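All of these numbers come straight from a predicted model, not from anything done at the bench.
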Amino acid sequence: DDNPTNIQLLQAYLSRDSYTNVHAIQDPTTVEAYLLGHQPDLILLDLNMPGLDGYGVLKLLRDKFSHLHIPVIVVTAQSDAASKMRALTLGAKDFLSKPLDRSETLTRVRNILEHQLLLVSTERLVAQRTQELLNISEKLRAAHRDTLTRLAQAAEYRDNETGHHLARMSRYSCVIAKHKGYSPEALDYLLYAAPMHDIGKIAIPDGILLKPGKLTPEEFDIMKTHAALGAKLLENSESSIIQMAQIIALTHHEKWDGSGYPNKLREHQIPEIGRIVAIADCFDALTFVRPYKPAWPFQKTIQFMRDQAGIAFDPSLIAILLDHQQELHNAYLRYTSQHHNTTIPYAPLAEIA
């Protein structure tokens, strides 16, 4: 209020009723600067003021400080309906008419403050409970993903592999998917879904799975069943990660030219996520020792992948692989046994970004 007498009267009413921390502003143009450093529980506001009237202050509160949720009681001699409606539209919560009545003033102030303090208390409680739920959710998410990681590792350990293969091929998958335009959430799912690509090998007999030499045609037919077996194992899950993993398990051995298995899908009949993991899995299989072959040099593997574009692999995805060889090589170096010794082979996804 620009009138010092009105301010002194309100301060006297409030102080006698044990209110503290009452701040008076006579120049309404200083309200913005004040609110940048303070958050009042209640504002009592005159309408008729020079420079910036009460409507201007209400508009300022609405446009720049609505996040503070400060209630306003308009103190005015204007009693016409149009003035009140304009103030209410701009956010006023209540009115006091001049000349002020002490009892009415204190009652309205107390009512608004009780409501405001209840609102603040409720917001704090909601924020606290929300954070508690987020913490619980994060713990459940971490436990869920840890379980998926160990499940994927179980299949790899039977295949004379370590978790490093899972870490490498999942990272390769995410590098390709990132440059294909996948969202951060989809990349996060892929990081945990890709390692379950061979989960069906749990059901393959050791005599075939661990055979050091070349498989007979009959043995290879049995080995190929791991794709459908893995999809069967993962079906009917409500988890988005496992749903993605089921698609990967079923389709990561399909080939672009239709010569893959189990369903001889070709080109875009193969889900893109399966085409991505097929490239990542093959790339890692070639660059590291397997019972039936020595490790290939990195550049020899790159050349093979280039040669297989349009035959085994989606040419557009191979183009991404070729354009981002350095990212693949970084993962190749990091996730090998001599560079990485954790049993849970997943670092934060931010490394891919």
Going by heavy atoms in the side chains, are [X] and [Y] under 4.5 Å from each other?
| X | Y | value |
| --- | --- | --- |
| His253 | His197 | no |
| Ile70 | Leu35 | yes |
| Asp323 | His179 | no |
| Val31 | Leu60 | yes |
| Ile302 | Leu321 | yes |
| Val22 | Ser15 | no |
| Tyr19 | Val109 | yes |
| Thr122 | Val126 | yes |

Crowded around [X] [atom1]? As in, over 12 foreign heavy atoms under 6.0 Å?
| X | atom1 | value |
| --- | --- | --- |
| Lys59 | NZ | no |
| His115 | NE2 | no |
| Asn21 | CG | no |
| Lys224 | NZ | yes |

Would you check if the side chain of [X] reaches a backbone N or O of [Y] as a donor-acceptor pair within less than 3.5 Å?
| X | Y | value |
| --- | --- | --- |
| Glu267 | Trp256 | no |
| His252 | Ile248 | yes |
| Thr216 | Glu219 | yes |
| Ser170 | Ala167 | yes |
| Asp101 | Glu104 | yes |
| Gln39 | Leu68 | yes |
| Asn263 | Leu265 | no |
| Asn135 | Gln131 | yes |
| Arg266 | Asp257 | yes |
| Gln116 | His69 | yes |

Pairwise distance [atom1]([X]) to [atom2]([Y]) - rounded to 0.5 angstrom:
| X | Y | atom1 | atom2 | value |
| --- | --- | --- | --- | --- |
| Leu210 | Ile204 | CG | CD1 | 11.0 Å |
| Arg102 | Thr107 | CZ | OG1 | 9.5 Å |
| Ile176 | Glu272 | CD1 | CD | 10.5 Å |
| Leu42 | Arg108 | CG | CZ | 12.5 Å |
| Asp281 | Leu286 | CG | CG | 9.5 Å |
| Asn236 | Gln243 | CG | CD | 9.5 Å |

Could you pull out the closest heavy-atom pair between [X] and [Y], with the gap in Å?
| X | Y | result |
| --- | --- | --- |
| Gly56 | Asp53 | N-OD1, 2.8 Å |
| Ala227 | Pro262 | CB-CD, 4.0 Å |
| Asp1 | Met49 | CA-SD, 3.9 Å |
| Met169 | Ala280 | O-CB, 3.3 Å |
| Leu47 | Tyr55 | CD1-OH, 3.6 Å |
| Lys64 | His67 | O-CE1, 3.4 Å |

Item checked: Ile247 and Leu234: CA distance, side-chain angles, deciding distance, side-chain contact (heavy atoms from CB on, under 4.5 Å) verdict -> CA-CA 9 Å; Ile247 296 171; Leu234 299 171; over 6 Å; no
Note to self: Could you tell me if Gln303 and Arg306 have a donor-acceptor pair between their side chains, going purely by distance under 3.5 Å?
What the structure shows: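 Their side chains do contain a donor-acceptor pair, which is all the 3.5 Å distance test asks for.
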Going only through I, L, V, M, F, W and Y residues with side-chain contacts under 4.5 Å, is there a path from [X] to [Y]?
| X | Y | value |
| --- | --- | --- |
| Ile276 | Ile318 | yes |
| Tyr261 | Ile208 | yes |
| Leu229 | Phe220 | yes |
| Ile112 | Val57 | no |
| Leu10 | Phe95 | no |

Would you call the rings of [X] and [Y] parallel, tilted or perpendicular, where under 30° means parallel and over 60° means perpendicular?
| X | Y | answer |
| --- | --- | --- |
| Phe288 | Tyr332 | tilted |
| Phe298 | Phe283 | perpendicular |
| Phe304 | Trp296 | perpendicular |

Next item on the list: List the steps and the verdict of side-chain contact (heavy atoms from CB on, under 4.5 Å) for Val277 and Met244.
Entry: CA-CA 11 Å; Val277 173; Met244 180 184 285; over 6 Å; no
Atom pairs and distances, side-chain donor-acceptor, residues 82-92, under 3.5 Å, sequence neighbours left out:
| residue | atom | partner | partner atom | Å |
| --- | --- | --- | --- | --- |
| Ser83 | OG | Gln78 | NE2 | 2.9 |
| Ser83 | OG | Asp80 | OD1 | 2.8 |
| Ser83 | OG | Asp80 | OD2 | 2.9 |
| Thr89 | OG1 | Met85 | O | 2.7 |

Margin query: Determine whether Ile279 and Met305 satisfy the following criterion, side-chain contact (heavy atoms from CB on, under 4.5 Å), listing intermediate values before the conclusion.
Written below: CA-CA 8 Å; Ile279 292 172; Met305 304 304 287; 3.6 Å; yes
Next item on the list: Carefully, step by step, assess Asn330 and Arg334 under the rule side-chain contact (heavy atoms from CB on, under 4.5 Å).
Entry: CA-CA 6 Å; Asn330 291 342; Arg334 175 164 186 170; over 6 Å; no
Item checked: The single option from His268, Arg275, Lys180 passing side-chain hydrogen bond (donor to acceptor under 3.5 Å, both in side chains) against Asp314 ->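 Among His268, Arg275, Lys180, the one that satisfies the side-chain hydrogen bond (donor to acceptor under 3.5 Å, both in side chains) with Asp314 is Arg275.
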